[in-house]
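Everything quoted here is computed from the prediction, not taken from an experiment. Along the sequence shown, residues are numbered consecutively beginning with 1.
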Amino acid sequence: MTDHDGLYKMLLHTFFREFMEAFFPEAAEAIDFGHVEFLSEEVVVDIAGGTKKRLDLLIKTRLKGEESFILVHQEPQAYFQEAFAERMFIYSARLYEKHRLRVLPVAIFSHRQQSVEPDGFGWGLPSIEVLRFRFCTLQLRKCNWKDYIRSVNPAVAALLSSMGYNEEEKLQLKLEFLRMLTRMELNPAKLELLTVFFDAYLPLTPEEEQLVWQEVEAMSDKEEKKIMEWKTHFQRYAMEEGMEKGMEAGLQKGLEQGREKGRMEVAQRMIQEGLDPALIAKLTGFTPEQIEQWKLQLH
């Protein structure tokens, strides 16, 4: 089962600036990214509704040219919810009540619902508008992935798999994702995060993965070389799993040991990048205890 909250939290935490610049450029232009603090364990209680929610991502920052701080609340939503707009209003109201800071609410919809999601909430009387609350929205399924393939933005690359595409476009979409990765200068841990996120929302069968790599082999020598270099260093799991079925047991064992070592290196790089240990455990398959032990050793 896909951990939507965990995947989005790690992606948006790691690429907060890149995400805002790609999808909300006007807001990003006003934000001073030199002052960014991620607030954890922020809990919002809806007393009347009888619910309690730990916010996925809350960032304390400031606007350029201003001394006072603002809060950016990012809320990934993987399923359609009738009262979502009301929920966003309650979150912002509770945050303002607690912190007395201006709040920029951002909703990221990844579900397949075709109707346009609301971007506001409010009420009025016959003679007066009492409340009008607005929030920023990104409905990924309404974005055409082909409009973004020239980007070198890592947040865009990961979210490509959550955009609008049909079944016939899946292999081409994966191919363009690989091309995008070769144009980015990122460390191995961040490249691994992008790949894990992408593959979670666009899973391919071993046969489909083989077709993708056959397309890679048919590319120009220069482009193929770049993608194959990336594959060698950062992503060999899916293709190897398809190939291993016909391999001898001794070679299988060697490949498994190699993958285990590579997986451990990726986890340790993520620790060095300061990513959340619980999320590293979910993405790499190691136990939280192992992650904590390596964290102590590395520090």
Side-chain angles (χ1 to χ4, degrees), residues 4-38 55-64 70-78 88 103-113 116-117 119 134-165 169 172-202 230 234 273-275 279 283:
H4 298 285
D5 289 345
L7 284 171
Y8 269 90
K9 181 177 180 179
M10 179 167 270
L11 180 74
L12 296 173
H13 185 286
T14 307
F15 299 108
F16 168 61
R17 178 171 186 165
E18 291 85 350
F19 172 82
M20 295 299 294
E21 288 177 341
F23 298 105
F24 302 100
E26 291 184 2
E29 180 62 30
I31 292 175
D32 181 357
F33 290 100
H35 295 81
V36 172
E37 178 186 357
F38 292 91
L55 299 187
D56 291 318
L57 208 63
L58 185 65
I59 302 99
K60 184 178 180 181
T61 182
R62 60 175 54 159
L63 302 179
K64 293 176 181 176
I70 67 167
L71 297 176
V72 180
H73 167 219
Q74 295 181 329
E75 184 69 16
Q77 182 72 1
M88 287 294 286
V103 181
L104 173 63
V106 180
I108 305 106
F109 300 103
S110 59
H111 59 68
R112 295 181 177 274
Q113 185 80 15
V116 177
E117 285 281 2
D119 63 355
R134 300 290 302 276
F135 54 94
C136 299
T137 64
L138 172 62
Q139 200 163 348
L140 287 164
R141 293 294 174 182
K142 291 191 172 296
C143 297
N144 188 333
W145 66 273
K146 294 179 181 178
D147 295 336
Y148 293 89
I149 58 176
R150 301 300 175 192
S151 173
V152 293
N153 187 305
V156 170
L159 291 170
L160 213 63
S161 60
S162 295
M163 295 183 184
Y165 63 86
E169 296 175 324
Q172 184 62 34
L173 179 53
K174 178 62 177 285
L175 205 57
E176 295 299 337
F177 170 72
L178 294 175
R179 285 192 172 107
M180 292 175 75
L181 291 189
T182 64
R183 299 195 294 266
M184 300 178 194
E185 296 182 1
L186 297 174
N187 64 45
K190 290 182 178 179
L191 284 172
E192 183 71 12
L193 169 59
L194 297 184
T195 306
V196 169
F197 188 98
F198 183 93
D199 287 345
Y201 292 96
L202 195 140
W230 171 85
F234 310 111
E273 284 294 310
L275 303 183
L279 291 174
L283 290 174

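The list of salt bridge (Lys or Arg N to Asp or Glu O under 4.0 Å) pairs with a residue in residues 146-155, not counting sequence neighbours, reads Lys146-Glu169.
Between Tyr8 and Leu159, some side-chain heavy-atom pair lies under the 4.5 Å cut-off. Residues Ile108 and Phe23 form no side-chain contact, since every pair of their non-hydrogen atoms from C-beta on lies 4.5 Å or further apart. No side-chain heavy atom of Glu117 sits under 4.5 Å from any side-chain heavy atom of Thr137. Here the side chains of Tyr201 and Leu160 are not in contact, with every heavy-atom distance at 4.5 Å or above. Between Leu194 and Leu11, the closest side-chain pair of non-hydrogen atoms falls below 4.5 Å. At a threshold of 4.5 Å between non-hydrogen side-chain atoms, the residues Leu57 and Val106 do not count as touching. Within the 4.5 Å cutoff, no side-chain heavy atoms of Tyr148 are placed close to those of Met180. Within the 4.5 Å cutoff, no side-chain heavy atoms of Met20 are placed close to those of Thr61.
Taking all atoms of both residues into account, the shortest heavy-atom contact from Asp199 to Lys174 is OD1-NZ, 3.5 Å. Residue Arg183 comes nearest to Ile149 through the heavy atom pair NH2-O, 2.6 Å, listed as atom of the first residue, atom of the second, then distance. For the pair Gly164 and Trp145, the tightest heavy-atom approach, listed with the atom from each and the gap, is O-CD1, 3.0 Å. Residue Ser161 comes nearest to Leu173 through the heavy atom pair CA-CD2, 4.4 Å, listed as atom of the first residue, atom of the second, then distance. Of all heavy-atom pairs spanning Ala78 and Ser110, the tightest one is CA-OG, 3.5 Å.
To the nearest 0.5 Å, atom CZ of residue Arg112 and atom OG of residue Ser162 are 9.0 Å apart. Expressed to the nearest 0.5 Å, how far CG of Leu140 lies from NE2 of His111 amounts to 10.0 Å. Going from atom NE2 of His73 over to atom CZ of Phe135 covers 10.5 Å, rounded to the nearest 0.5 Å. A distance of 13.0 Å separates CD of Gln77 from CG of Leu138, quoted to the nearest 0.5 Å.
Scanning for salt bridge (charged side-chain N to carboxylate O under 4.0 Å, His left out) contacts around Glu18 gives an empty result, with sequence neighbours left out. Considering only residues two or more places apart in sequence or on other chains, Phe198 meets the ring-ring contact (aromatic ring centres under 6.0 Å, His included) condition with Phe177. For Arg134, the salt bridge (charged side-chain N to carboxylate O under 4.0 Å, His left out) test picks out Asp119, with sequence neighbours left out. Contacts of Glu176 classified as side-chain hydrogen bond (donor to acceptor under 3.5 Å, both in side chains), with partners at least two apart in sequence or in another chain: Gln172, Arg179.
Remark: the backbone N or O of Met88 is not paired with any side-chain donor or acceptor of Glu75 at under 3.5 angstrom. A side-chain donor-acceptor contact under 3.5 Å links Arg141 to the backbone of Met163.
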*Under the side chain to side chain contact (heavy atoms under 4.5 Å, CB included) rule, what do Gln74 and Phe16 come out as? Steps first, then yes or no, please.*
CA-CA 10 Å; Gln74 295 181 329; Phe16 168 61; 3.6 Å; yes

Listing, residues 24-37 side-chain donor-acceptor contacts under 3.5 Å, not counting sequence neighbours, or none:
residue: Asp32; atom: OD1; partner: Gly34; partner atom: N; Å: 3.0
residue: Asp32; atom: OD2; partner: His35; partner atom: ND1; Å: 2.9

